[in-house]
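Proteins get letters first, then strands, A, B, ... in listed order; numbering begins at 1 in each.
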2 protein chains.
Amino acid sequence: MKKEVAKKAKDKVVSWDKHLDKKYGLRGTVTRSEFETKSQTFILGELLKEEREKANLTQAEMAEKTGTKKSYISRIENGRADIQLSTLYRLIEQGLNRKLELTIH
Amino acid sequence: MKKEVAKKAKDKVVSWDKHLDKKYGLRGTVTRSEFETKSQTFILGELLKEEREKANLTQAEMAEKTGTKKSYISRIENGRADIQLSTLYRLIEQGLNRKLELTIH
DNA sequence: GGAAAAGTTCACTAATTAGTTAACTTTAAA
DNA sequence: TTTAAAGTTAACTAATTAGTGAACTTTTCC
């Protein structure tokens, strides 16, 4: 009996990737890629925020170093901006004194 | 004597990074970061071209898959475009069926 | 060498980011 | 609990990319 419950429960377990395949389509499709872009934008924002905090900078300080304003930094960190590569480089190099690496898997 | 020549020659050997420090300023400065962005844009174009060719696609085919035109693909591959992240994702995901990874070093 | 395919460049418009100010909300420290 | 600092959001303009057609150049291959 316990086993049966376990089995039923197991049927409902779905991998994240399969969930995404079903909800947004397979990788490489337009809808899936749109979803991926949005989540990557969000994750990148979090990453930038984390690194800024590690570097002990406020958004205002980060903005000053990169020649912009704190309101814009906030937008980026909150995943509300589809930024250009030059902007990303500026934030990482001038703002954090770090380097960005791009890899295609 | 041979040694002396070698010494003189050695004095003229300069590391690439030091050359860049001198010519464009240290990492994190505005001028250096502008240079870095330009070279990264160029390198990324090469990388995309290489991967497209590996995938046996023409620029026109790549354009079709990503919903744009071959003229635009050409511009990007030749480092003439400071593209948005969404554009980069589109090229890599819809065009190449691959995944992009961003890392901060 | 000639033709077809592939790639590049130019010129232009539409769409979107970058940049900014100001008001508002949240957080942290006294 | 008050206050100042930090962060968020909205609204707007200016600057730049995204998108496109067409002409031109280079490469490929018969």
Side-chain angles (χ1 to χ4, degrees), chain A residues 28-31 33-96 100 102, chain B residues 28-31 33-96 100 102:
Chain A
T29 60
V30 175
T31 45
S33 160
E34 276 168 0
F35 169 79
E36 297 285 347
T37 295
K38 271 183 204 161
S39 30
Q40 288 302 315
T41 300
F42 199 79
I43 290 168
L44 178 64
E46 271 302 314
L47 184 60
L48 287 171
K49 178 175 181 177
E50 204 176 299
E51 294 301 327
R52 174 179 61 77
E53 286 172 343
K54 270 192 206 163
N56 260 85
L57 295 171
T58 65
Q59 289 182 344
E61 288 166 339
M62 179 85 165
E64 160 117 49
K65 274 170 177 280
T66 55
T68 184
K69 296 287 184 283
K70 65 178 184 169
S71 56
Y72 188 44
I73 301 294
S74 173
R75 254 153 60 196
I76 292 169
E77 286 186 356
N78 285 287
R80 284 170 216 276
D82 177 17
I83 62 178
Q84 289 167 224
L85 280 177
S86 62
T87 302
L88 185 54
Y89 284 122
R90 237 168 66 218
L91 294 180
I92 292 173
E93 288 173 8
Q94 295 176 37
L96 301 172
L100 175 68
L102 301 177
Chain B
T29 60
V30 175
T31 46
S33 161
E34 275 167 0
F35 169 80
E36 296 285 348
T37 295
K38 270 182 203 160
S39 32
Q40 288 303 313
T41 300
F42 198 79
I43 290 168
L44 178 63
E46 270 303 313
L47 183 60
L48 286 171
K49 178 176 179 175
E50 203 176 299
E51 294 301 326
R52 173 179 61 77
E53 286 172 345
K54 269 192 206 164
N56 260 83
L57 294 170
T58 65
Q59 289 183 344
E61 287 165 340
M62 179 84 167
E64 160 116 51
K65 274 171 177 276
T66 54
T68 184
K69 296 286 185 281
K70 64 177 184 169
S71 56
Y72 188 45
I73 302 293
S74 173
R75 254 154 59 197
I76 292 170
E77 285 186 355
N78 285 288
R80 285 169 215 278
D82 176 18
I83 61 177
Q84 290 167 225
L85 281 176
S86 62
T87 302
L88 184 54
Y89 285 122
R90 237 167 68 219
L91 294 179
I92 292 174
E93 288 173 8
Q94 295 175 36
L96 302 171
L100 175 69
L102 301 177

> At under 4.0 Å between heavy atoms, what does A:Ile83 touch on the DNA or RNA strands: base, sugar-phosphate, or nothing?
Replying inline: sugar-phosphate

>> Should the side chain of A:Arg75 and the base of C:dT16 be counted as holding a donor-acceptor pair, with the cut-off at 3.5 Å?
In response: no

> Tell me: CD1 of B:Ile73 to P of D:dT17, nearest whole Å?
Replying inline: 16 Å

> To the nearest Å, how far apart are A:Asp82 CG and C:dA15 P?
Replying inline: 16 Å

>> Using only modelled atom types and a 3.5 angstrom limit, is any donor from either the side chain of A:Ser71 or the base of C:dT21 paired with an acceptor on the other?
In response: yes

> Taking all atoms of both residues into account, what is the closest heavy-atom pair of B:Arg52 and B:Leu57, and its distance?
Replying inline: NH1-O, 2.8 Å

>> From CD of A:Glu53 over to P of D:dA5, roughly how many Å is that when rounded to an integer?
In response: 19 Å

> What's the shortest heavy-atom distance between A:Met62 and A:Leu91, and which atoms?
Replying inline: CE-O, 3.6 Å

>> Any side-chain N or O of A:Arg80 below 4.0 angstrom from OP1/OP2 of C:dA18?
In response: no

> Whole Å only: how far is the CG atom of B:Leu85 from the C1' atom of D:dT17?
Replying inline: 13 Å

> Is any side-chain N or O of B:Gln59 closer than 4.0 Å to OP1 or OP2 of C:dT8?
Replying inline: yes

>> Below the 4.0 Å mark, does C:dG19 have OP1 or OP2 next to a side-chain nitrogen or oxygen of A:Lys69?
In response: no

>> Taking donor-acceptor contacts at under 3.5 Å, does the side chain of A:Lys70 reach the base of D:dG7?
In response: yes

> Is the shortest heavy-atom distance from the side chain of A:Ile83 to the side chain of A:Tyr72 under 4.5 Å?
Replying inline: yes

>> Nearest to the A:Tyr72 side chain among C:dT17, D:dG19, D:dT8, which nucleotide is it?
In response: C:dT17

> Within this structure, what is the CG-to-P distance between A:Leu88 and C:dA18, rounded to whole angstrom?
Replying inline: 10 Å

> What are the two closest heavy atoms between A:Lys69 and A:Ala63, and how far apart are they?
Replying inline: C-CB, 3.3 Å

>> Rounded to whole Å, how long is the line connecting atom CD1 of B:Ile76 with atom P of D:dT17?
In response: 11 Å

>> Whole angstroms only, please: what is the OH-P distance between A:Tyr89 and C:dA18?
In response: 14 Å

>> Using whole Å, what does the distance between atom P of nucleotide C:dA14 and atom CD of B:Gln84 come to?
In response: 18 Å

> Charged N to carboxylate O below 4.0 Å: is that the case for A:Lys49 and A:Glu46?
Replying inline: no

> Under 4.0 Å between a side-chain N or O of A:Thr58 and OP1 or OP2 of D:dA6?
Replying inline: no

